[in-house]
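Here is the structure we will look at, set down as structure tokens.
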Amino acid sequence: MTAPRPAGTVADPVAQADTVVQVRGLTKRYNERITAVDGVSMSVRRGEIYGFLGPNGAGKTTTLRMLLGLVAPTGGTVSVLGRPPGDPAALARIGSLVEGPGFYPYLSGNDNLRVVARYAGVPASRIGEALLSVDLADRARDTFATYSLGMKQRLGVAAALLKDPELVILDEPTNGLDPAGMRDMRRLVRSLGASGRTVLLSSHLLGEVQQICDRVGVIDRGRMLAESTVDQLRGGTELIVAATPPDVARAQLESMHEVESVRPYDGALRVRADDRHTALINRTLVSAGVAVTELRRDERQLEDVFLAMTDHEPDRQEVDDV
Amino acid sequence: MSDTIRAELFKLRKRPTAWVLLATAVVLSQIFGYLIPYLSYRTGDAQTVGGNVPRGDVLASTLPDQLVINSIGGFPVFAGALALVLGALMFGGEYGWGTVKTLLTQRPGRISVLSGQLVALGAALFVGVAVLFALSAASSLGIALAENQAADWPTVTDLAAGFGAGWLVLAMWASLGAVLGVTLRSVALPIGLGVVWVLGIENLVSAMAGSVLTALRPLRDVLPGVNAGSLVGAVMPDRVIDPPPGVTSSVAEPRALLTLLCYLVVCAAVAAWTSHRRDVV
């Protein structure tokens, strides 16, 4: 795991003022055999909630660790808040929770945050507010060892918020949370974004990402597959048409120049066409003597897109998401 | 760095194992320095204790003028092992709990964090040595009063030399524990290796160098425990009974002092280099 700290890992001189995280060609190799992150480029803009998606072992956590200066890149350039990764001036403005909370089991939640606050150089008066924001104030005096997994995770988020940070990096923040806790976490992340903070959120729970993220980056096997808004990634909607007789319906649809494509789907037809042509399609089919039994718009879920991008047979040595 | 030191001292103050180690050192010091000798004196026959030690010498060994040796006599071995455990716990524990990443993602740089931890460890040892001196002083004064003996205290110079030597011995062992904790990123293995070294290998090499294989003497004379024992032996005022195990005169005082300082500096440098260069995964 020992790696030289390359001198080239410095702030990108062309980093834009509205770009909080700028990564170009980021690479991490272990022992010359395992490439955990392979030429990743990404940019996180100020004030947005950015979802960093990928299956387990894709390289998400390694990338986040490099952004925080915990892991030295093998190649590429990184700029976080205009500074090199791990720079104290940048760290003072970043709150993070990476791969689970790391706290002292013999200290209470409150005392753990006191330690973090002293390290961060922030007043202890912020501890109460941070604990309240994750609904942990009533258990603050209990030792960390007695916390449930969800409470530990929430304390990790509270620690990330202690510095009132400009950039919040959360790695799988809903791990261990029950449904109510996940809902509260989504609300919290939304409120962070609404308050003007930039949030970089790593997750493989695509539903939560779809609900709260402005843009997403998809990483798989160490490589960045896509980076765009959630809507762009999901693409346009499709029309589900169930009609009898189906062969006549398909022929009619394929003859329409408003229809881009028609394909069978689970006993019906999936039709790619603009929203405004829906009524025309229905009229055309009925006029041709086709009985339309179902006509509805179907939006692709982020999960469908994600699985289509990342579904593959293992073809290399998987790297633990470290 | 002051915030880091304060945070580390706060952690130590709240850590039960730190208090257990201090309590163990206190109990060992009191039992072997005062309780056993005093009970031997009270229960021995008219002239000698254990058959060959004059009864008066046993009592004299517990009186205030023997404060330095009774406070730091166990440092080269027993208290040293406890200090090594403290260093390994303090530094290796950060890896086991995953708190390294928590600390290194706040604000201070890696060297600043490590420096703060080392200073806090040194400060904690200072407090520990002070507690041991204070309790030893209390016990010796109590015995002197109970036995109507004169309470002649060591000179300030002897006290300062003893205190400084004791702190340096513990700091050296603790820094070895710390560097093992950082490099091995765990607690159990550093403690196991360290204790085997302190209690086993040092004694073995010393014994062999002193008897069957004198060619080992150059090696013996650079061992941390031998130099710790030599420094403690050098700063003791005149003693009335045999010194505790580990206290020796194998190495001259200046060299012993220099050797311990070298261990301290090298351990800190290796820990800093490792911490600075290595990925936190």
Side-chain angles (χ1 to χ4, degrees), chain A residues 1-5 28 30 36 61-62 64-74 85-108 111-112 114-122 143-145 156 159-160 162-163 165 169 171 320-322, chain B residues 1-21 86 89-117 119-120 182-187 270 272-281:
Chain A
M1 294 293 181
T2 304
R5 192 166 295 279
K28 180 62 184 180
Y30 292 105
T61 302
T62 303
L64 297 183
R65 284 179 183 272
M66 286 193 276
L67 297 185
L68 291 164
L70 294 173
V71 168
T74 311
D87 183 88
L91 288 177
R93 296 151 64 198
I94 301 172
S96 62
L97 169 62
V98 177
E99 205 178 29
F103 291 109
Y104 301 96
Y106 57 89
L107 292 180
S108 67
D111 285 344
N112 267 297
R114 280 182 71 179
V115 171
V116 175
R118 279 184 176 157
Y119 261 88
V122 301
T143 54
F144 180 73
L162 265 182
K163 287 182 271 192
I169 296 176
D171 184 19
D320 287 342
D321 206 359
V322 292
Chain B
M1 195 169 72
S2 63
D3 282 338
T4 305
I5 296 169
R6 287 173 60 212
E8 291 299 322
L9 288 174
F10 175 76
K11 280 161 52 184
L12 272 174
R13 185 163 59 83
K14 292 275 188 173
R15 188 167 187 168
T17 48
W19 292 104
V20 169
L21 290 172
L86 179 64
L89 284 172
M90 191 171 165
F91 286 79
E94 303 283 2
Y95 293 90
W97 293 322
T99 44
V100 171
K101 67 171 186 251
T102 304
L103 302 183
L104 295 183
T105 52
Q106 297 314 314
R107 190 185 52 164
R110 296 187 181 203
I111 298 301
S112 179
V113 169
L114 187 87
S115 302
Q117 290 175 322
V119 171
V182 169
T183 53
L184 298 175
R185 288 185 282 199
S186 66
V187 170
V270 171
W273 185 85
T274 307
S275 175
H276 180 65
R277 296 275 299 179
R278 194 166 56 192
D279 289 342
V280 178
V281 294

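Lettering follows sequence order; numbering is per chain, from 1.
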Item to check | Most chain A-contacting option - heavy-atom pairs closer than 4.5 Å, from B:Glu8, B:Glu94, B:Arg15, B:Arg6 | outcome: B:Arg15
Checklist entry - By a 4.5 Å heavy-atom criterion (distance strictly below it), what part of A:Arg93 contacts chain B: side chain, backbone, both, or neither? => result neither
Item to check | Set of side chain to side chain donor-acceptor pair (under 3.5 Å) partners for A:Tyr106, sequence neighbours left out | outcome: none
Checklist outcome for this item: When the 4.5 angstrom heavy-atom criterion is applied to A:Ile94 and chain B, the contacting part is backbone
Checklist outcome for this item: If you tally heavy-atom pairs under 4.5 Å between each of B:Leu104, B:Thr17, B:Thr105 and chain A, the highest tally belongs to B:Thr105
Next on the checklist: I need the residue from A:Gly102, A:Ala117, A:Ala160 with the largest number of non-hydrogen atom pairs under 4.5 Å to chain B.
Outcome noted: A:Gly102
Checklist entry - Top residue by heavy-atom pair count (under 4.5 Å) with chain A, among B:Asp3, B:Val100, B:Thr274? => result B:Asp3
Item to check | Closest-packed option against chain A by number of heavy-atom pairs under 4.5 Å, given B:Leu103, B:Thr4, B:Val113 | outcome: B:Leu103
Next on the checklist: I'd like to know if the side chain of B:Arg110 reaches the main chain of B:Arg277, judged simply by a donor and an acceptor atom lying under 3.5 Å from each other, with no hydrogens or angles considered.
Outcome noted: no
Checklist entry - Any donor-acceptor pair under 3.5 Å linking the side chain of B:Lys11 with the backbone of B:Met90? => result no
Next on the checklist: Using the side chain to side chain donor-acceptor pair (under 3.5 Å) criterion, which residues pair with B:Lys14? Sequence neighbours excluded.
Outcome noted: A:Asp111
Checklist entry - Hey, which of A:Pro165, A:Gly121, A:Ala89 has the most heavy atom pairs under 4.5 Å with chain B? => result A:Gly121
Checklist entry - CZ/B:Phe10 to CZ/A:Arg118 distance, rounded to the nearest 0.5 angstrom? => result 6.0 Å
Checklist entry - After noting the C-alpha distance and the side-chain angles of A:Arg65 and A:Lys28, does the key distance pass the side chain to side chain contact (heavy atoms under 4.5 Å, CB included) rule? => result CA-CA 11 Å; A:Arg65 284 179 183 272; A:Lys28 180 62 184 180; over 6 Å; no
Checklist outcome for this item: Assert top hit (heavy-atom pairs under 4.5 Å, partner chain B, pool A:Ala92, A:Ala90, A:Pro105, A:Gly156) equals A:Pro105
Checklist entry - Which value, rounded to the nearest 0.5 Å, describes the distance between A:Ser96 atom OG and B:Gln106 atom CD? => result 6.5 Å
